[in-house]
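Side-chain atoms are counted along with the backbone in the values below, which use heavy atoms only and exclude waters and symmetry mates. Note that the structure is a prediction, hence the values are computed from the model and not measured. Within every chain, numbering begins at 1; the chains are lettered A, B, ... in the order of the sequence lines, protein sequences first and strands thereafter.
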Amino acid sequence: MGAKAENGPKPPPPVSSPPPLKALVKLKTKQQELLIRAAALALIYVLAFAIRLFSVLRYESMIHEFDPYFNYRTTLFLTRNGFYEFWNWFDSESWYPLGRIIGGTLYPGLMVTAALIYRALRFLTFAVHIREVCVLTAPFFASNTTLVAYFFGKEIWDAGAGLVAAALIAICPGYISRSVAGSYDNEGVAIFALLFTFYLFVKAVNTGSLSWSLASAFGYFYMVSAWGGYVFIINLIPLYVLVLLVTGRYSMRLYVAYNCMYVLGMMLAMQIRFVGFQHVQSGEHMAAMGVFFLMQVFYFLYWVKDMLNDTKLFQSFLQITLTCAIGVGTLALGIGMASGYISPWTGRFYSLLDPTYAKDHIPIIASVSEHQPTAWSSFMFDFHILLILFPAGLYFCFKRLSDATIFIVMYGLTSMYFASVMVRLILVAAPAVCLISAIAISATIKNLTTLIRKKSKAALTVSSKATSNLKASAKALLDQSLPFQRNGAIAVLVGAFYLLSRYAIHCTWVTSEAYSSPSIVLAARGAHGGRVIFDDYREAYYWLRQNTPPDAKVMSWWDYGYQITAMGNRTVIVDNNTWNNTHIATVGRAMSSYEHEAYEIMQSLDVDYVLVVFGGLTGYSSDDINKFLWMVRIGGGVFPVIKEPDYLVNGEYRVDKGAAPKMLNCLMYKLSYYRFGEVTTEYGKPTGYDRARGVEIGNKDIKLEYLEEAFTTSNWIIRIYKVKPRKNRW
Amino acid sequence: MIVNIVQLTNQFSSSVLDISCEPQVPFSDSGKQELIMAKSNASDAQALVRSLRSAYAATPTNLKIIDLYVVFAIATAIIQVVYMGIVGSFPFNSFLSGVLSCVGTAVLAVCLRIQVNKENKEFKDLPPERAFADFVLCNLVLHLVIMNFLG
């Protein structure tokens, strides 16, 4: 080959493979970055699942609270009897004697999802019980939400913002509160569906592709099947389209995205029986239809303007078309609303626009604690530093306006307004707040780190090269004029990391202390610091299941209805669905009347057992005596014979000797405090001392004429009474 | 020479026309203005229709076929609405599914037209086969849902 002679063939190079760490370092930067991103996402996925498992570790794997028991019962029915039976189910075990059309009055998404996961696991021969699947559905979907948040963040800003958004939403307490393990409720799945639909829609608007719009229509269908809060989507997206049209960002992609999503989404949504024809008949959905027609007119005019290149002719055409369109539109809307065909906004959603409406007109909605306006402490508790980063993120979004950032700004602002009106809706604002804060964090950290790295690079080049270039010398001067810029950047960076670590600590503490209690099992610290468990609820329900005839009917306040049907397996008079206000008012009236009046009402309803929750012995404050005034208000709303001032003394609610006489002799008082006058609850206090109210009760010598005590749990939390049959005539 | 005669006749005819257009009975000023405005509106509308027609004739044939399909779908929807007005809307789900299938295919066809139109710069790197495949897929989903909803 050349003049240089070779001694022979070279020996083959050593064949040993490099150790894995070296192989990692040998990867190109792009691959390294991808690996880091994938690893971070996997860790975030596991974190989101793990942080929600506190109650399963501390208590046991059980369903929490009230509503999830209904969802559990329906999922059980679905897995045992199949989809057709489920879809056409009429339940005669609740709302006796009316019954309830369950198939047509629930949102099936959650149950069908859990049943599918159950079937899939069974197919892979994992012998799980449906209860385990139900308990762990919410954490599983919370992990999926973090993935969607990553992709959404990537779509809006960049991959860094996506990663931060995923990390923030994995531990955000506002989201954790409704998606812990055991909280088998619609919101656990619905927030995933919400964010997924929004992501697909923004992707459709960015790409203008029909297949992404179809995917967003399917996402919307899943959301409609999962939660009644889908009304938020069907109003936010038209509002967004309107804002884009008004700001002049109309484009063909927007037309394709919105129209395909609206028509297909509407068709799919009408397949859910509970939603029915609301998309064309209800006032809450009319904004979407209005924007649909507006878009047709708008783009038609746009097309004609393109075709005619003459402005004068186009002006006249514009005038004619606009007057026709506006005339027809207002006429149709006017006729629809006046004739009542388009129903006005229902009370549930109207109270979001006018927060004082529910208190005056619909006491049932006003009585739910989750429906109260939000205090600042709740915001701080649920969002921590995200509350401060939210305006910063808004600033960054406005700096780089695009179709996607306009969307997230609108989502953030509207959801924050609704979150301030109703505590429960902090959940809907959580993804928006996490995304916008992620933009702030990601942009700030990126700027700071580039500042740090650029400074060191510039210093190096200046020191290595000769400064013949004027620009380089000027830059060097500038750099030297702010000598502490780099240190300042490092200090701010350290501060940012400190804040984020405090956020993580806060979220973990909040989840552990506040949001992981099953509500059906109570825990307290005993005298020596040991943990004391009160399992009275399940004790009472199982007593009902095992000691009463199968066709017994149980009357209780509506809070406990779902739990009684699911665990006690007995027919109830009213339950948490609260679809019939008069029926609930009848029960409220019975609870607030004298015993002989209540007996007549109970005979008319065929009641066999009455169940009452009492917290006087243990100091449990969510008992029926504390809820009693709501029973009076709801009963009095339908039966004017029940008047709230009869139960108050000078406007004050009391249960001791100074209480109103009607209060001391009503059914609820008697059933709660029967035989309580003989009990010593605290050392040094007289007998009959009510630990929840902190007073000695007024009427200690209670005699029951028409009921007899059937069962009281070990800590007196639940008391069950049997209704005596009518005496014989002689 | 002939050109001169033509020019003269043109001028003569225009002047004659002007005289003949002048009303014999003197009207009031506003009446005259109204008449002139009505004439200008009519001539404007005629000019509008003419220019629209000429501009539309320039569109390529495949787009015209799609436009024809859209018009057909909307006409079918209108016929259904008129029928509902006559007969009443009792199986409301059937009526809705019929009308929405027409409106749906019309809207999807318009989306296809937008994506296939070579003048739209936003979609210039979208192959028309992909646009048509998306169109077919969306129509398939729409009609499956319609068939479920038809009752």
Side-chain angles (χ1 to χ4, degrees), chain A residues 204 206-215 217-218 221 250-273 276-277 279-281 289 292-293 295-296 299-300 302-310 312-321 341, chain B residues 40-41 44-59 67 74 89 92-93 95-97 99-115 117 119-123 126 130-149:
Chain A
N206 274 342
T207 57
S209 138
L210 264 180
S211 39
W212 282 107
S213 315
L214 179 66
F218 273 114
F221 172 55
Y250 49 81
S251 61
M252 291 302 163
R253 296 172 280 120
L254 182 67
Y255 182 88
V256 170
Y258 180 69
N259 280 310
C260 177
M261 191 235 179
Y262 177 63
V263 174
L264 283 172
M266 178 164 72
M267 273 321 301
L268 284 167
M270 292 204 273
Q271 308 308 306
I272 308 287
R273 281 172 69 189
F277 301 128
H279 276 72
V280 292
Q281 284 180 341
M289 191 183 280
F292 176 67
F293 285 120
M295 275 198 109
Q296 309 308 316
Y299 278 83
F300 180 63
Y302 190 61
W303 178 54
V304 165
K305 180 170 163 194
D306 238 7
M307 273 209 309
L308 298 174
N309 291 323
D310 185 350
K312 202 167 74 70
L313 282 176
F314 177 65
Q315 290 297 338
S316 53
F317 180 73
L318 179 68
Q319 278 172 353
I320 302 171
T321 323
Y341 186 72
Chain B
S40 66
N41 273 353
D44 256 351
Q46 276 184 358
L48 186 68
V49 170
R50 239 181 298 131
S51 61
L52 271 176
R53 203 178 285 174
S54 60
Y56 188 66
T59 58
D67 288 341
I74 301 224
S89 70
F92 193 57
N93 52 330
F95 164 65
L96 264 185
S97 57
V99 168
L100 282 176
S101 77
C102 295
V103 170
T105 50
V107 159
L108 287 173
V110 172
C111 293
L112 175 69
R113 186 191 200 274
I114 288 174
Q115 289 184 333
N117 196 356
E119 288 171 25
N120 280 333
K121 285 175 225 41
E122 288 168 8
F123 289 108
L126 181 74
R130 166 78 197 269
F132 187 69
D134 282 344
F135 170 72
V136 166
L137 179 68
C138 288
N139 265 320
L140 193 66
V141 169
L142 179 70
H143 287 99
L144 278 174
V145 177
I146 295 287
M147 286 202 304
N148 183 35
F149 201 46

Any donor-acceptor pair under 3.5 Å linking the side-chain atoms of A:Ser209 with those of A:Arg253?
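No donor-acceptor contact under 3.5 Å links the two side chains.
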
Looking only at side-chain N and O atoms, does B:Gln115 offer a donor or acceptor that is under 3.5 Å from a partner on B:Asn120?
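Their side chains do not contain a donor-acceptor pair, so the 3.5 Å distance test is not met.
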
Checking the side chain of [X] only, and the main-chain atoms of [Y] only, is there a donor and an acceptor separated by less than 3.5 Å?
X	Y	answer
A:Gln271	B:Asn148	no
A:Asp306	A:Tyr302	no
A:Tyr299	A:Ser251	yes

Results of side-chain contact (heavy atoms from CB on, under 4.5 Å) for B:Asn93 - residues two or more places apart only:
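Only A:Phe277, B:Pro91, B:Phe149 meet the side-chain contact (heavy atoms from CB on, under 4.5 Å) criterion with B:Asn93.
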
[X] portion near chain B, given a 4.5 angstrom heavy-atom threshold:
X	result
A:Tyr262	neither
A:Tyr258	neither
A:Ser213	neither
A:Met266	side chain

Under 4.5 Å from any heavy atom of chain A - which part of B:Arg53
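When you check distances to chain A, no heavy atom of B:Arg53 falls under 4.5 Å.
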
Tell me, side chain or backbone of B:Ile114 under 4.5 Å from chain A's heavy atoms, or both, or neither?
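Interface part for B:Ile114: side chain.
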
Out of A:Val304, A:Leu214, A:Ile320, return the one with the most heavy atom pairs under 4.5 angstrom to chain B.
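Among the listed options, the one with the most contacts to chain B is A:Leu214.
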
Most chain A-contacting option - heavy-atom pairs closer than 4.5 Å, from B:Leu137, B:Leu96, B:Leu108:
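Of the options given, most contacts go to B:Leu96.
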
So which residue, B:Phe123, B:Phe92, B:Tyr56, ends up with the most heavy-atom pairs under 4.5 Å with chain A?
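Result: the option with the highest number of such pairs is B:Phe92.
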
Atom CH2 in A:Trp212, atom CG in B:Asp134: separation rounded to 0.5 Å?
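Separation between the atoms: 11.5 Å.
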
